[in-house]
Amino acid sequence: MSESGVRRLNHVAVTVADMDRALAFWAGALGLELDGRGTVRYAHLDRIVGLDDTEIEWAELRIPGGGIIELFHYHAPAGQPTHPAPNDPGASHLCLEVDGLDTITSSLQQAGYTTRSATPITIPFGPWKGWRDLYVESPDGVIVELTEPPPTARPESLDPNVGETS
């Protein structure tokens, strides 16, 4: 008898209004590696997304350590932009662990990207104590959390609860 269940995160998809503008953010500003790009019209994709006659421009970006950001620009049928706030039901965010958060923050702000705070915030207590975080908005309104571990964080563990005592 086989087991079923979630194995791991494979990718996160983001629908974008303009692929070049989106790639300037995801690949240019955040430095993710472009792994492929193209345009497709596939009946099976229409069935997966539940839309008829799609024409989708796509790009895949590799996340260091595993996973993919998949960008979709629907040339057909066209959609409407959304920009949910973090507290809107259905809103989501994506978190990327980084090194050099101050430098990244400065670069993002100089490039005109909106950050939710002027500088990274250090978490003062709890299992994430000492981690530094910043929210930045992609050009399409996707909230990206950038998090930097404290210098004492163990690199072999991405789980901030490892090593915590009750």
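- Annotation for Trp131 and Thr147: closest pair CE3-OG1, 3.2 Å, computed over non-hydrogen atoms.
- Listed by first and then second residue, the ring pair (Phe, Tyr, Trp, His ring centres under 6.0 Å) pairs involving residues 85-118 are Phe25-Tyr113, His93-Tyr135 (not counting sequence neighbours).
- Among all heavy-atom pairs drawn from Arg132 and Asp102, the shortest one is NH2-OD1, 2.7 Å.
- Side-chain contact between Leu134 and Ser117 is present, with at least one heavy-atom pair separated by less than 4.5 Å.
- Grouping the Ile, Leu, Val, Met, Phe, Trp and Tyr side chains by contacts below 4.5 angstrom, directly or via other members, places Trp26 with Leu101.
- Between the side chains of Gln109 and Thr105, no donor-acceptor pair is found at a separation under 3.5 Å.
- In terms of the ring pair (Phe, Tyr, Trp, His ring centres under 6.0 Å) criterion, residue partners of His75 (sequence neighbours excluded) are, by chain and number, His73.
- How far CD1 of Ile56 is from CZ of Arg41: 10.0 Å, rounded to the nearest 0.5 Å.
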Output side-chain donor-acceptor pairs under 3.5 Å for residues 15-23, partner residues at least two apart or in another chain, one line each.
| unit_1 | atom_1 | unit_2 | atom_2 | d |
| --- | --- | --- | --- | --- |
| Asp18 | OD1 | Asp20 | N | 3.2 |
| Asp18 | OD1 | Arg21 | N | 2.7 |
| Asp20 | OD1 | Arg37 | NH1 | 3.3 |
| Asp20 | OD1 | Arg37 | NH2 | 3.0 |
| Arg21 | NH2 | Asp140 | OD1 | 3.0 |

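- In this structure, the side chains of Leu94 and Ile69 come closer than 4.5 Å at one or more pairs of heavy atoms.
- Residues Ala91 and Pro84 approach most closely at CB-CB, 3.9 Å, considering heavy atoms.
- Under a hydrophobic-cluster definition in which Ile, Leu, Val, Met, Phe, Trp and Tyr are linked whenever side-chain heavy atoms come within less than 4.5 Å, directly or via other members, Ile121 and Val144 are assigned to different clusters.
- With sequence neighbours left out, the salt bridge (Lys or Arg N to Asp or Glu O under 4.0 Å) criterion links Asp46 to no other residue.
- Put simply, CG on Leu45 and OG1 on Thr54 are 5.0 Å apart, with the number rounded to the nearest 0.5 Å.
- The shortest non-hydrogen separation linking Pro149 to Glu97 is CG-OE2, 3.6 Å.
- Taking NZ of Lys129 as the start and OG1 of Thr122 as the end, the distance is 11.5 Å to the nearest 0.5 Å.
- Here Asp35 contributes atom CG and Ile63 contributes atom CD1; the two are 11.5 Å apart, rounded to the nearest 0.5 Å.
- Counting heavy atoms from C-beta on, the side chains of Ile143 and Ser138 never come closer than 4.5 Å.
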Item to complete: Check step by step if side-chain contact (heavy atoms from CB on, under 4.5 Å) holds for Leu146 and Leu30.
Response: CA-CA 10 Å; Leu146 302 175; Leu30 294 181; 4.2 Å; yes
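- Cluster membership for Val14 and Leu51, using ILVMFWY side-chain heavy atoms within less than 4.5 angstrom, is not shared.
- The salt bridge (Lys or Arg N to Asp or Glu O under 4.0 Å) test applied to Glu70 returns no partner, not counting sequence neighbours.
- Residue pairs meeting the ring pair (Phe, Tyr, Trp, His ring centres under 6.0 Å) criterion with at least one partner in residues 29-66, sequence neighbours excluded, are Tyr42-His44.
- No single ILVMFWY cluster, assembled from side-chain heavy atoms under 4.5 Å apart, contains both Leu96 and Ile68.
- Contact between Asp99 and Ile104 at its shortest, heavy atoms only, is O-CD1, 3.4 Å.
- Phe72 and Leu9 fall into different hydrophobic clusters, where Ile, Leu, Val, Met, Phe, Trp and Tyr residues are linked whenever their side-chain heavy atoms come under 4.5 Å apart, directly or through other members.
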